[in-house]
Amino acid sequence: MESLEEIKARIDASVAGARVEIISNPGPANQPSLLLDRAGAEAIAHFLRDDATLRLDFCSNVTGIDWLDRKVKTTRKVRQIVDGAEKEVDEITEDAGPGYLEVVYHLYSMQLKHGPVIVRMRTRDRTNDVHLPSLTGIWRSAELQEREIYDLYGIHFDRHPDLRRILMWDEFTDYPMRKDYREPDDYEYEPTAHDEVLTRAKERVSARPSLDGAEDLAMPE
Amino acid sequence: MSVGFHELAEAPAGRMSSRWEGELLEISMGPQHPSTHGVFRMNVALEGEIVRRLKPVFGYLHRNHEKIGENTSYLGSMPYTDRLDYFCSMTNNWAYALSVEKLAGIEVPERAQYLRVILAELTRLQNHTSLLGFLLSDMGAWGTPLMYAFREREKILDLFESLSGSRMMCDYMRFGGCRVDPSAAWIEAAKRVVANYPAFLDEFEQLIVENEIVLARTQEVGILSAELAVSAGITGPMLRASGVNYDLRKVDGYGVYPRLKFKVPLGDHGDCYDRLMMRVLEVRESLGILAQAFEQLPGGPVVNPKVKLRAFKPPVGEAYGRIEGPKGELGFYLVSEGGASPYRYRVRPPSFINLTVLEDMCLGHTVADVMVILGSIDIVMGEVDR
């Protein structure tokens, strides 16, 4: 299969207005990925699926990741005067990196039996702009998996045919897979009609009658 | 919406069926239903007895397995993977171990690779055999075929128990190998089980292939086209029943599968009958794989001694590893930040994704066929809901 750089070059040449970035993966697995921009993602996905040399017809795995706001350390060489002599010193600055939600697609080709090509998309932030284009129209296998990501991460997939909660119940409001999710204290408590009945019954119940000393009765001899 | 029963009573005699035309009756099948293989619900809209709409409802067994995986150590998730597809804990272990080995770049000794193949194929035997039993049970052959299947499954579970200490929750694989080395007596016992299996399978296959009811209930029912199967990410025997040649044991060649000779059976109709027979044929191939693996099984260590189990911290990075589980492609996607637990732990459950096309397969068939179609997909709710 082509290298990711070659795929990127061909996307840039074939898909108008596509912006693709290669995200390296430092680990031993050596699975780098392509970061797609949201506007052009569907066109690029069409290209990846239909291109004659790629034919990525099988979208195996779709998953979300929650990246919290984090401090990004950057090191710069700065000339400073130390003890009267000019020296090069490392200056470390900490910037706040904004958090975002990310979706990762693992693509393979069943026809040509190669892969994976990993593509990812990112939202702008974690709260206000959490929309991403749905790729269910291109790979049907994303249908239930994108629904699951919507349910557990709260990413809205535009143009998804049936975006509803899937694992949690419909009335649930939070997104449990987010890193800052906190379980409610009264998790087990659900008001039921039964509670009302019990309260009403309690109001009408009189005190338990005493036994009038009946327990002291002894068996006749 | 549903038609009230009083309307039915008022219908003139002999014309009752026409009153149902165009009327949809919505019923909820499940979550407590003997044929749903666990707590699985389907909201079905019926026109008479014909399915016009079907929406699966998930989540009854949801316990957020992935969140728990992100809050425990890498090793701590290993016994927990047993609970995903509780029929196939060995293959779950292998898929997870394989992904962590990719993430951390761990070598696996040869003997462990062969043991993994042996245990995965034994798992495939018992999974496919019991699925056939369940499927016959769904079609009304109550009890007997299922008990035949369970009798054989029990022999394999006995092997698992004597090796790992547990029948179903085996927790046998470790990063870089396996937990214990089987004794020579265990190998002999396993060889005996494999040698006696074809006699049972011949008998069992006859029960299915020559049964008029099975043929009538499964042929041309729930047809899945190859194009839809590929697009919907269907994997495993279900995909191959639709005629797509895609078996990860051949495609990825993980473990020592490239050294073992076996064929990939393919169906050509993609109906329930093909899916059923696919299991029989795969069991036959697995028996061949097992015989070769026992023959080639080398000596040596069963675990890579360099791997630390406690305080195991893989380097920063991410990895997606997958194997051909009995139900389809079982994958684990792990993101490491260099800590003791994964930043992201994702399971790619084959039976969940295989349910994507349930509605497409059921439309136009009767309610009774829904049970057969669902049974032929082979789902386990522990994995679907996670």
Side-chain angles (χ1 to χ4, degrees), chain A residues 23-33 49 55 57-68 70 102 104 106 108-116 118 120 136-145 147-149 151-152 162 164-170 172 176-179 181 183, chain B residues 55-64 66-67 70 99 101-106 226-235 239 244-246 248 250-252 314-322 329 331-336 338 343-344 346-348 352-357 360 384-386:
Chain A
I23 306 289
S24 66
N25 177 358
N30 191 25
Q31 293 179 338
S33 48
R49 188 191 64 180
R55 285 253 182 265
D57 48 9
F58 171 41
C59 173
S60 166
N61 181 42
V62 186
T63 185
I65 309 177
D66 180 15
W67 296 100
L68 292 169
R70 56 185 59 207
E102 189 172 40
V104 186
H106 288 80
Y108 290 84
S109 172
M110 278 196 185
Q111 204 178 348
L112 305 174
K113 304 207 169 27
H114 60 217
I118 305 166
R120 43 182 78 217
T136 302
I138 295 139
W139 295 286
R140 177 81 191 280
S141 60
E143 183 184 330
L144 294 184
Q145 302 190 70
R147 254 181 87 182
E148 185 185 314
I149 295 166
D151 187 4
L152 302 180
D162 185 20
R164 288 179 291 137
R165 283 196 176 268
I166 183 165
L167 293 170
M168 306 304 280
W169 53 101
D170 289 342
F172 193 77
M177 278 302 284
R178 290 216 183 169
K179 287 285 175 186
Y181 171 74
E183 224 175 86
Chain B
K55 295 286 171 208
V57 181
F58 304 91
Y60 289 95
L61 217 56
H62 180 54
R63 66 266 185 204
N64 221 338
E66 293 176 3
K67 188 88 174 179
E70 285 168 19
S99 306
E101 282 152 13
K102 268 193 180 179
L103 183 69
I106 298 169
E227 296 77 47
L228 180 60
V230 171
S231 166
I234 309 299
T235 43
L239 173 75
V244 183
N245 182 2
Y246 195 74
L248 298 184
K250 292 276 190 201
V251 175
D252 280 11
V316 178
E318 59 174 55
Y320 178 66
R322 54 178 195 162
E329 174 185 327
F332 281 83
Y333 173 65
L334 299 162
V335 177
S336 167
Y343 187 80
R344 179 75 177 104
R346 151 82 178 166
V347 187
R348 190 252 186 224
F352 176 61
I353 295 160
N354 286 359
L355 280 173
T356 311
V357 290
D360 305 62
V384 173
D385 286 345
R386 279 155 294 135

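Naming: A, B, ... by sequence-line order, numbering from 1 per chain.
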Say you draw a straight line from [atom1] of [X] to [atom2] of [Y]; how long is it, rounded to the nearest 0.5 Å?
X: B:H62; Y: A:L152; atom1: NE2; atom2: CG; value: 5.0 Å
X: A:T63; Y: B:Y333; atom1: OG1; atom2: OH; value: 7.0 Å
X: B:T235; Y: A:M110; atom1: OG1; atom2: CE; value: 6.5 Å
X: B:R348; Y: A:S141; atom1: CZ; atom2: OG; value: 7.0 Å
X: A:L167; Y: B:F352; atom1: CG; atom2: CZ; value: 6.0 Å
X: B:R346; Y: A:E148; atom1: CZ; atom2: CD; value: 5.0 Å

Which atoms of [X] are under 4.5 Å from chain B, going by heavy atoms: the side chain, the backbone, both sets, or neither?
X: A:V62; answer: backbone
X: A:E143; answer: side chain
X: A:D66; answer: backbone
X: A:R165; answer: neither

Of the backbone (N, CA, C, O) and the side chain (C-beta and beyond), which part of [X] lies under 4.5 Å from a heavy atom of chain A, both, or neither?
X: B:D385; result: both
X: B:V251; result: side chain
X: B:I106; result: neither
X: B:L239; result: side chain
X: B:V244; result: side chain
X: B:E70; result: side chain
X: B:E66; result: both

Which heavy atom in A:L144 sits nearest to a heavy atom in B:F58, and how many Å separate them? CD1-CZ, 4.0 Å
Minimum-distance pair of heavy atoms, taken over all atoms of A:A29 and B:E318: CB-O, 3.5 Å
For the residue pair [X] and [Y], establish whether any side-chain heavy-atom pair is separated by less than 4.5 Å.
X: A:R164; Y: B:K55; answer: yes
X: B:V57; Y: A:W169; answer: no
X: B:Y320; Y: A:S60; answer: yes

For chain B, the option from A:C59, A:S33, A:A142, A:G27 that forms the most heavy-atom pairs under 4.5 Å: A:G27
Row check, A:Y108 ring normal vs B:R322 NZ/CZ: under 6.0 Å, within 45°: yes
Interface check, chain A: of B:S336, B:A232, B:G321, most non-hydrogen pairs under 4.5 Å belong to B:A232
With chain A, which of B:V316, B:L228, B:I234, B:L103 has the greatest number of heavy-atom pairs at distances under 4.5 Å? B:V316
Hey, is the main chain of [Y] close enough, under 3.5 Å, to the side chain of [X] for a donor-acceptor pair?
X: A:K179; Y: B:Y343; value: yes
X: A:K113; Y: B:Y246; value: no
X: B:K102; Y: A:P28; value: no
X: A:Q145; Y: B:I353; value: no
X: A:N25; Y: B:G317; value: no

Apply salt bridge (charged side-chain N to carboxylate O under 4.0 Å, His left out) to the pair B:D360 and A:R140, showing each step before the final yes or no. CA-CA 12 Å; B:D360 305 62; A:R140 177 81 191 280; 3.0 Å; yes
Worked verdict on A:E102 versus B:R344 for salt bridge (charged side-chain N to carboxylate O under 4.0 Å, His left out): CA-CA 11 Å; A:E102 189 172 40; B:R344 179 75 177 104; over 6 Å; no
